[in-house]
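Order of the sequence lines sets the chain letters (A, B, ...), proteins ahead of strands, with each chain counted from 1. Owing to the predicted nature of the structure, the values given are computational and were not obtained by experimental measurement.
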2 protein chains.
Amino acid sequence: MKEDRRASDRASVCSCVNLRRASRAITRIYDDALQPSGLKVTQYSVLANLSRAGAVSVSALARMLTLDRTTLVRNLKALEQAGFVEGAPSPDPRERGVSLSETGRAAVAKAQPYWLQAQQLIEEKLGAEGVRQLGALAIALEGSAGDDEAGDEPGETG
Amino acid sequence: MKEDRRASDRASVCSCVNLRRASRAITRIYDDALQPSGLKVTQYSVLANLSRAGAVSVSALARMLTLDRTTLVRNLKALEQAGFVEGAPSPDPRERGVSLSETGRAAVAKAQPYWLQAQQLIEEKLGAEGVRQLGALAIALEGSAGDDEAGDEPGETG
DNA sequence: CTCGTATGCGTGCATATACACGCATATACC
DNA sequence: GGTATATGCGTGTATATGCACGCATACGAG
C-alpha cells in the first residue's frame, strides 16, 4: 500500500482541507522567516494591528483581526506577559483598553523586515495576482459566515 | 487619521493573515454544515482519508494529510475514544496501524452529504475556477516549505 | 553480534481557535 | 428607582497545530 501520489494528484477534493493545508503551509513560511525576531506571525499580526490602532478595546481589536474575541483574550495574555502589550485607560469601565508598550513597538520594528521578506517570497511564489486574490478570498468566505442564520429566537421551545 | 474600513478595504496586506482568515472562515462554514453529523471538518477529513486508505500507519496517514505526525497522533486519540478508529495489525512493530471501525465508517457515511453540501456552497461562492485554484494554492505553498533555505538576512547583524 | 543510522512513535510544552457560560456594566424604557 | 436589553469581558472545555525530545525498533556496515 504505497502512497504514490504526485503533486498534481495530491490536491484534496475538499476545499476546506485545501485551504487549511495552504494556511498551515504559509504559516510555516512566515513563522520561519520571523524566527529571528522571536515572534510568530499570529503575534506579529496582533502587534502590528495594535501599532496602527493605538489604544483600543479587546473587542475592537478582535473585530479588526476578524478573530474571535475570546481567542484574542488569550493571545493577548502571552503578549502582555512578554511585555509587548500593556493596559490602556478606557472611558467605558466595561472595556479593557490595550496598547503597544515601548518594548512591543521595538519588537514590531525588529520583526518587520523579516515579515517583509516573507511577503516577497510569497509574491514570488504566487505572483502579484495570486496575492491579490488571497485578500478577496478571505472576504468572500467571511461574507456570509454566521450572518446568514434564520429563525433563532431566544424563546426556548419547551 | 480615521479608520473607515469597508469590506474592500478590510483586506490585510499580509498574505499570511489573509490566508489564515480565509481558513478560519471556511472551517466555520464546513463545521457548521457538518454539525448535524457531530463531526468537525478536521475529523471528517481524517476519517474520510482513512476510509480510502484502509489500514495504514500513523506516519503514512500524516503524510497523506500533509499534517504533522504528532498532531495526527492527538487528533486520532479523540477519534479512537469515540470509537471511530481502531488499531490495525502492522508488519513492522515500530508502526502503529490504524483503520476505520464500523462505527467510523457509518459516521463518514452519515456526514458525507453534509460535507457535500458545504462543498457546493463553496463552489457557489468561489466558482469552479476559484475552487480549482485552492488546490493549486496549497501545493504551491507546500512546494518549498522547509526545503529551501535563503541566507538573505535583512540587517540584524548586531 | 555490535554499532551507528534511519524510521516510527508518543509526550511535554506552547500556541491558536472558538463555543458556551456567567459576570459586570451601560442604556433605554417605564 | 427598577427592569429588560445590549455590550464587553474572562474562563472552562475541547480541539488543532507543530517543535523538541526521548524511546523503541529495523537495517546496513564491520
Side-chain angles (χ1 to χ4, degrees), chain A residues 16-17 19-32 34-35 38-46 56-63 65-82 84 87-88 90-98 142 145-146 149 152-155, chain B residues 16-17 19-32 34-35 38-46 56-63 65-82 84 87 90-98 142 145-146:
Chain A
C16 185
V17 166
L19 200 34
R20 289 180 64 90
R21 269 174 54 189
S23 172
R24 289 196 298 269
I26 203 172
T27 298
R28 203 162 355 177
I29 292 173
Y30 274 73
D31 278 354
D32 216 48
L34 282 171
Q35 199 209 347
L39 292 176
K40 305 285 204 77
V41 65
T42 44
Q43 304 174 324
Y44 177 77
S45 166
V46 171
V56 287
S57 73
V58 175
S59 286
L61 185 56
R63 281 190 291 266
L65 295 163
T66 328
L67 193 56
D68 187 277
R69 181 185 55 77
T70 68
T71 296
L72 182 57
V73 165
R74 296 169 211 262
N75 291 359
L76 279 174
K77 187 164 291 185
L79 295 172
E80 289 180 86
Q81 286 179 340
F84 296 148
S90 168
D92 190 331
R94 291 173 303 177
E95 292 181 356
R96 181 165 75 91
V98 289
E142 283 162 2
E149 210 51 52
D152 201 33
E153 294 101 34
Chain B
C16 186
V17 166
L19 200 34
R20 289 181 64 92
R21 269 174 56 187
S23 173
R24 289 196 298 270
I26 203 172
T27 298
R28 204 167 356 191
I29 292 173
Y30 274 74
D31 278 354
D32 216 49
L34 282 172
Q35 200 210 345
L39 292 176
K40 305 286 204 76
V41 65
T42 43
Q43 305 174 323
Y44 177 76
S45 166
V46 171
V56 287
S57 73
V58 175
S59 285
L61 186 56
R63 281 190 291 267
L65 295 163
T66 327
L67 193 58
D68 187 275
R69 182 185 55 75
T70 68
T71 296
L72 182 58
V73 165
R74 297 171 211 259
N75 291 359
L76 279 174
K77 186 164 289 184
L79 295 172
E80 290 180 86
Q81 287 179 338
F84 296 148
S90 169
D92 189 331
R94 289 175 304 179
E95 291 182 356
R96 182 165 74 92
V98 289
E142 284 160 4

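In this structure, the side chains of A:Arg24 and B:Leu67 come closer than 4.5 Å at one or more pairs of heavy atoms.
Side chain A:Arg24 to base D:dT17: no donor-acceptor pair is found below 3.5 Å. One N or O donor and one acceptor, one from the side chain of B:Arg74 and one from the base of C:dG12, sit under 3.5 Å apart. For B:Thr70 against C:dC9, no side-chain N or O and base N or O form a donor-acceptor pair under 3.5 Å.
Atom-to-atom, CG of A:Asp68 to P of D:dT11 comes out at 14 Å; the value is rounded to the nearest Å. Distance B:Glu95 CD to C:dT7 P: 12 Å, rounded to the nearest Å. If you take CG of B:Leu72 and P of D:dT15, they are 15 Å apart, rounded to a whole angstrom. The separation between B:Arg20 atom CZ and C:dT17 atom P is 4 Å, rounded to whole Å. When rounded to the nearest whole Å, the span between CG of A:Leu76 and P of D:dC9 equals 10 Å. Whole-Å rounding puts the B:Tyr44 OH to D:dA16 C1' distance at 19 Å. Between B:Arg94 atom CZ and D:dA26 atom C1' the separation is 4 Å, expressed in whole Å. In this structure, B:Lys40 atom NZ and D:dT17 atom C1' are separated by 13 Å, rounded to whole Å.
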- Task: Test side chain to side chain contact (heavy atoms under 4.5 Å, CB included) on A:Phe84 and A:Val46 and set out the steps.
- Result: CA-CA 10 Å; A:Phe84 296 148; A:Val46 171; over 6 Å; no

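Atom CG of A:Leu65 and atom CZ of B:Arg21 lie 9.0 Å apart (nearest 0.5 Å). Interatomic distance, CG of A:Asp32 versus OG1 of A:Thr27, reported as 11.5 Å (0.5 Å rounding). How far CG of A:Asp68 is from CZ of B:Arg28: 8.0 Å, rounded to the nearest 0.5 Å.
For C:dT17, the OP1/OP2 oxygens have no side-chain nitrogen or oxygen of B:Arg21 closer than 4.0 Å. Phosphate proximity of D:dT17 to A:Thr27: absent, as no side-chain N or O sits under 4.0 Å from OP1 or OP2.
Using a 4.0 Å heavy-atom cutoff across all strands shown, A:Thr71 reaches at least one base atom of the nucleic acid. Using a 4.0 Å heavy-atom distance criterion, B:Ser57 is classed as a sugar-phosphate-only contact.
Each of A:Arg69 and A:Thr42 was matched to the nucleotide of DNA chain C holding its nearest heavy atom; the match closer to the 5' end belongs to A:Thr42. Judged by closest nucleotide on DNA chain C, B:Asp92 is the one of B:Asp92 and B:Lys77 placed further toward the 5' end.
Of the candidate nucleotides D:dG10, D:dT25, D:dT17, D:dT17 has the atom nearest to the side chain of B:Asn75.
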